[in-house]
Each structure stands twice: as structure tokens, then as C-alpha cells.
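Okay, structure first, notes after.
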Amino acid sequence: MTPAALAELVHSIATAVLAERGLAPAVLPETVTIERPRNPEHGDYATNLALQVGKKVGMAPRELATALAERLADADGVEAAEVAGPGFLNLRLAADAQAEVVRQVLTAGDTYGTGHALDGVSINLEFVSANPTGPIHLGGTRWAAVGDALGRILAAQGAKVTREYYFNDAGAQIDRFVSSLVAAAKGEPAPEDGYAGGYVSDIAAEVLRAEPDALSLPEAERDDVFRRAGVQLMFDEIKRSLHDFGTDFDVFFHEDSLHLSGAVESALEHLKLSDSVYYAEGAWWIRSTDFGDDKDRVVIKSDGAPAYIAADIAYLKDKRERGFDLCLFMLGADHHGYIGRLKAAAASLGDNPDVAEVLIGQMVNLVSEGKPVRMSKRAGTVITMEDLVEAVGVDAARYELTRYSVDSPVDIDLDLLRKHTNENPVFYVQYAHARLASLQRNAAELGLVTPGPDEIDLGLLDHPREGDLIRTIGEFGKVIARAAELREPHRIARYLEELASAYHKFYDAARVLPQGDEQPDALTFARLALCEAARQVIANGLSLLGVSAPERM
RNA sequence: GCCCUCGUAGCUCAGUGGAUAGAGCACCGCCCUCCGGAGGCGGGUGUCGCAGGUUCGAAUCCUGCCGAGGGCGCCA
């Protein structure tokens with residue numbers, strides 16, 4: 001019996017108990033909370049239902065709990081039900097009922113744990129979107145890891161997810177990038193507000209290789225060559241880094257295209273007819289203060305040119321016209337001011353502001369010898385996605401960046417990177433998987449085959465460590481659902497660590513394969529099935545994070 | 001000044017109303033005739049930033065304060 005099934009059982013029994021006393025079952029929560037008590041004496045599962053509703057219906061919580069316990073104790077699969085403390089209901093399940101999840105995992109395979117909360121919902125997930133004026137830095141790398149994982153998690157709940165990267169290739173920063181390329185090509189130092197990294201001269205050299213005469217062209221044409229070729233090379237490099245990092249986008253959207261197609265202009269014309277904007281002091285303003293912004297923002301400047309936010313509005317409109325129900329934006333903490341603006345943008349299009357949901361994540365900091373290091377191109381302390389991958393590998397990098405809540409800033413320690421450290425919990429999880437894969441190989445050598453879902457005597461899995469492992473496996477679906485609902489991929493990583501721990505403890509206490517002259521028995525096969533289920537769930541979880549599940553390490 | 005996020009063990013962090021607040025790292029012991037020791041077991045540390053409030057019950061929700069980071073352009 002899974003926790004979800006148990007919750008339903010408790011719910012139906014509670015409904016009956018209340019009805020018998022002429023009380024309205026409407027006071028019951030839709031889904032009964034079933035939790036795993038820390039203290040093993042409190043049973044396999046516990047519910048606080050009687051505490052929650054007792055008072056509402058005028059019953060003492062303990063009295064209600066007692067009534068529930070009597071019925072539950074008689075239910076199939078429930079071994080014991082007792083009332084504790086102020087009205088907790090502690091439940092102990094029969095081994096075979098509890099181990100039912102093992103059968104479910106083996107049947108569902110790599111779909112085990114998926115849900116339907118977002119069935120049919122079309123989601124646009126925009127993340128990274130770093131300016132194409134340089135390689136992806138640590139900040140962008142964090143979003144690449146977290147955003148990609150979130151996309152997988154949302155998809156596991158049934159959503160149709162489109163990953164999108166927005167290239168801001170229309171503004172002044174591109175002009176500065178181009179003039180930096182030209183300067184580098186001429187062998188001159190970077191302009192005052194330009195870009196000076198080594199990649200600039202690399203790209204400049206490549207442009208020259210393709211267009212050897214570029215520098216002798218008239219200024220406008222020359223800039224045009226560097227813009228076209230240079231920006232393209234930068235795009236390519238960014239895309240390649242992301243791909244090597246295991247993050248692939250469905251759409252790379254160019255801001256430029258919004259201006260060229262007239263989308264910005266038409267969005268603005270449309271906007272002027274709405275109540276969301278007004279004309280003042282020679283400019284057009286959007287009422288972003290309605291959505292928590294500090295002040296209203298200019299959308300059309302007094303010189304008639306669209307402000308940056310105008311493109312954002314046109315972009316959101318474009319997304320909605322492409323049929324997305326929900327547009328998610330993952331932004332760094334330095335962009336939290338965008339929340340109000342994007343909500344206002346949605347409202348100005350006549351949409352519910354909730355269709356634009358902004359996820360704010362804290363920054364990634366560099367630390368060396370315990371002290372913060374400012375990223376500086378000139379000082380050579382800019383760490384790129386490629387640097388990080390080179391230092392620790394894709395799996396460790398992705399895992400490390402995903403296992404923390406995005407609400408907390410991440411410090412990347414330069415010294416640890418240099419040490420190529422193995423002190424990353426990803427290895428703990430991956431090791432568990434490799435160990436399980438090894439077990440399957442050993443079993444195969446002995447001619448033992450993991451039994452099919454219906455040939456397992458699940459009642460034999462009654463060791464406490466087996467119970468812990470089984471219950472942990474049973475949590476997976478809830479963990480994914482919660483991670484999707486709260487947009488918090490780190491929950492998957494934390495869960496995997498818990499699962500790996502439960503497995504290691506089980507494996508230490510319980511022998512699986514026969515030794516010496518022993519013959520395999522029903523317990524051998526039951527444990528083999530449990531191991532395969534554990535392996536499957538670890539693999540499924542790692543896959544949600546875009547981290548590999550190695551057969552060997 | 002206003003807005004956002006954070007403040008939990010020596011360090012890095014989990015824990016968005018439940019029972020005695022957890023894990024990893026670090027430190028000290030112990031455990032391989034045996035399926036991978038990248039493992040397991042034991043040892044201890046907490047004014048959950050502070051002060052109020054809400055309630056059967058608060059690290060969690062509300063208010064104020066303190067501290068850290070970030071943001072507040074007709075830049076993009």
C-alpha cells in the first residue's frame with residue numbers, strides 16, 4: 001500500500017465515521033496528510049487528521065482518533081493502528097501490503113514516480129538567456145542546471161514543456177561587443193565600456209580568418225561583418241557549451257526578430273488602446289506599480305523609440321500566441337524588479353498576470369580561501385560553464401548546482417575546484433546505483449533472474465531496514481509532485497540522498513545473494529526485486545536532474 | 001528610504017503547522033572468512049538572529065527590530 005493509497009483509505013474511513021455520528025464529512029481535507037514519523041515507535045506512517053478536524057466537528061481529537069483506529073485496525077493491509085499523544089494516529093502496515101510499491105516500480109519502470117498534475121498544460125520555460133556577448137558564467141550555469149531539471153520535473157507531471165533561451169541581441173550591449181571585436185581585430189585595447197576577455201580576441205581572429213579584408217572595409221560595413229559573424233560565433237559557442245552541459249533548448253529566440261518583424265511596434269499600438277498604459281511627460285508608461293513595482297516604467301520613450309520593456313511585452317505576446325498556458329521565467333536575484341513588469345506586461349495583454357510566473361534565484365559567488373572573489377575579466381577570475389565542467393565534470397557540476405534551494409546563494413570554492421574534489425554527494429548517490437547495478441550483474445552470473453512483478457513473495461520483506469527502504473521508495477511520487485508544484489528541483493536531490501542512505505543501510509544489514517553452497521530461496525528473489533526497484537528509482541531521480549546513473553564507477 | 005531573498009550544529013545546507021529539529025563535511029573510535037569500504041555503526045554540538053503575536057501545537061504563519069546579499073534609469 002502506497003502512502004497515497006493509505007491516505008485514501010483513511011479518508012474513506014473518516015468519512016464513514018463522521019457520517020455515522022451525523023457529522024458533515026465536508027470538514028475533511030481533500031487529501032489526508034500521511035507522514036513518516038521520525039521515531040520508529042510511532043509506526044510506519046502517522047496522520048494528524050483527528051487533530052485537524054476533531055475540534056471543527058466538536059469531537060475531542062483523541063476520541064475521533066480512537067474511532068478511526070478501531071476501523072483502520074480491521075482494514076486489509078493494516079497491521080496496527082493506535083492513538084498517541086494529543087490525537088495522532090500511528091499506523092503499522094503488513095509487510096506485503098507495504099512492499100506493494102516494489103511491484104509497482106518494477107511494473108512502471110522509468111515512468112515510476114510520474115504524475116498527472118500538469119496533464120495538458122503547455123509551459124514555456126525560459127532560462128539562462130545570457131547576453132550573447134560572452135561565454136556562460138557561473139550564474140548562467142546554475143540556471144542551466146536548475147532550469148533543465150525543472151523542465152524535466154514539470155514534464156514528469158504531464159506538462160508539455162518548451163525550453164526557451166532569449167538572446168538579447170538587439171541592444172547597445174551588442175554594439176559594445178562589436179566595437180570590442182573590431183578593437184581586438186586591430187590589436188587595440190578594448191573600448192572603455194567594452195568586453196576584454198580572451199574570447200573576444202579569439203572571436204575577432206576567427207572573423208578575420210573568414211573575412212580577411214574585413215578591417216579595410218568602410219566602417220559601417222566592417223561593423224556589419226563583425227556583428228554578423230561575431231555574434232553568430234558567440235551564439236554557437238553558447239549553444240555548444242549548453243549542449244555539452246546536457247541542457248538543450250527547444251527554441252533560441254532572438255530579440256532582434258521582434259524588432260525586425262514589427263512585433264514590438266504592433267504590440268505597442270495595441271497597448272496604447274489599453275488601460276494598462278498612459279501618456280505623461282512626453283512618454284508612454286505602463287502601470288507596473290499595480291503589480292508591486294516601485295514605479296511605473298516607460299514603454300515608449302519621449303523620442304518615440306521603444307524602451308527595453310517594450311520588447312518584453314511583445315515577446316510575452318508572442319509566447320501566448322504560440323499557445324503557452326504558462327510562461328515561466330528563471331531570473332537571477334539582480335532581476336527581481338522584473339516581476340512587477342512582467343506581470344504588468346501580461347495584464348496589459350489582457351491576460352491573467354499569473355500566466356507570467358517569475359522564479360528568482362540567488363546568485364552564485366566565487367570563494368577562495370574563505371574569502372569572496374569578485375568575478376573580473378581583467379583579473380582572470382571569471383569562471384565559465386566550461387571551466388566548471390572541466391574542473392569537476394558535468395554530473396558533479398549539475399548536481400552541486402541543483403541540490404540547493406535557489407533561494408540560497410551558492411558559493412563555489414575555487415580551491416575545491418582546483419582539487420577536483422570527490423566530496424560531492426552526487427557520488428554517494430551514483431555509487432548506490434553502481435553498487436546495485438553490480439549486484440544485478442553478480443546475480444546474472446549466478447543464473448538468477450529478477451522475478452517478474454507478480455512472482456514476488458513481498459511478505460518476506462519484513463526486516464526494519466527493508467521497511468525503511470520500501471517506504472522511502474514509496475515517497476518518490478510525492479517528492480516529484482512537490483518539486484513540480486513549488487518549482488524546486490533541489491527536493492529531488494535531497495530525496496535521492498535519503499534513498500541512497502536507506503539503500504546502503506539495508507544492504508549492510510541484509511544479505512541478498514546466496515553465498516557458498518547456499519541455494520537461492522524466495523527471500524533471495526524478493527530482495528533482488530527490492531534492489532531492482534531501488535536501482536530504478538535512483539535512476540529515475542538522477543534522470544530528472546540530468547545526471548547520469550552509472551553502471552560502474 | 002522602499003522592495004525581494006536569506007539568517008537552523010564548527011562549516012555547507014535540508015526541513016512552508018506536528019511528537020525528542022536533521023543530513024553531509026570536519027573530528028574521534030569501531031566494523032571486511034561475505035554481494036563494490038566512494039559503505040555501515042557509535043560518539044556531540046543547537047538562545048532555529050532577537051522580541052512579541054496567532055493556536056491544542058511554530059524553525060515553519062503574522063508584526064516589529066537586528067544582520068547579510070541583491071534591486072530600485074526615458075540603460076539593455
Side-chain angles (χ1 to χ4, degrees), chain A residues 33 35 37-39 41-42 46-48 51-52 54-55 60-61 84-88 90 131 133 168 170-176 255 281-285 292-295 297-309 311-312 332-340 358 360-363 365 370 372 403-411 413 421-432 434-443 445-446 465 482 486 488 490-491 493-495 497-498 500-501 503-516 527-528 531 552-553:
Chain A
T33 305
E35 48 186 27
R38 292 225 169 264
N39 187 337
E41 286 171 20
H42 294 156
T47 178
N48 59 359
L51 283 164
Q52 282 184 323
K55 208 165 96 174
F88 289 105
N90 294 336
N131 288 342
T133 54
N168 296 122
Q173 82 276 23
I174 289 289
D175 295 336
R176 289 200 289 270
E255 180 189 353
E281 301 170 44
W284 287 84
W285 303 71
D293 203 355
D294 298 345
K295 54 184 81 168
R297 304 290 161 172
V298 168
V299 281
I300 305 176
K301 302 190 251 184
S302 47
D303 64 3
Y308 180 75
I309 185 177
D312 281 338
D334 52 343
H335 286 79
H336 94 263
Y338 277 45
I339 298 174
V358 183
I360 294 298
Q362 299 300 310
M363 317 296 264
N365 303 306
R403 78 184 282 268
Y404 301 103
S405 159
V406 293
D407 284 340
S408 95
V410 165
D411 290 334
D413 192 315
T421 181
N422 271 10
E423 287 167 17
N424 187 312
V426 72
F427 296 109
Y428 181 75
V429 176
Q430 287 186 316
Y431 176 67
R435 222 177 170 189
L436 282 159
S438 166
L439 178 77
Q440 302 294 345
R441 289 193 297 270
N442 294 340
E445 256 177 56
L446 294 172
R465 293 287 177 79
R482 195 88 173 130
L486 298 175
E488 291 183 340
H490 76 273
R491 287 171 184 276
R494 300 292 171 160
Y495 167 78
E497 289 165 30
E498 189 189 332
S501 169
Y503 156 69
H504 283 307
K505 286 175 184 175
F506 149 76
Y507 202 58
D508 193 61
R511 177 77 203 183
V512 177
L513 299 177
Q515 322 178 54
R527 285 184 170 162
L528 216 42
C531 284
R552 290 185 169 83
M553 295 177 66

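Residue numbers begin at 1 in each chain, while the letters A, B, ... track the order of the sequences.
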Can a side chain N or O of [X] be found less than 4.0 Å away from OP1 or OP2 on [N]?
| X | N | result |
| --- | --- | --- |
| A:Arg176 | B:A76 | no |
| A:Tyr431 | B:G37 | yes |
| A:Tyr428 | B:G40 | yes |
| A:Lys295 | B:G73 | yes |
| A:Lys505 | B:G39 | no |
| A:Lys301 | B:C75 | yes |
| A:His490 | B:G15 | yes |

Let me spell it out: for each of A:Ala172 and A:Ala509, pick the nucleotide of RNA chain B with the closest heavy atom. Which residue's pick is nearer the 5' end?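 Per heavy-atom nearest nucleotide, the more 5' residue is A:Ala509.
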Stem segments of RNA chain B by first residue number [Watson-Crick or G-U, under 3.5 Å, at least 3]: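 In RNA chain B, stems of three or more pairs: B:1-7 with B:66-72, B:10-13 with B:22-25, B:27-31 with B:39-43, B:49-53 with B:61-65.
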Name the orientation of the base relative to the sugar in B:C32: syn if the glycosidic angle is within 90° of 0, else anti.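 This nucleotide is in syn.
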When every nucleotide of nucleotides 4-13 of chain B is labelled 5' to 3' by its protein contacts under 4.0 Å (heavy atoms), B for base, S for sugar-phosphate only, - for none, what sequence of letters results? SSS-----SS
Under 3.5 Å, N/O pairs linking protein and nucleotides 57-62 of chain B:
none

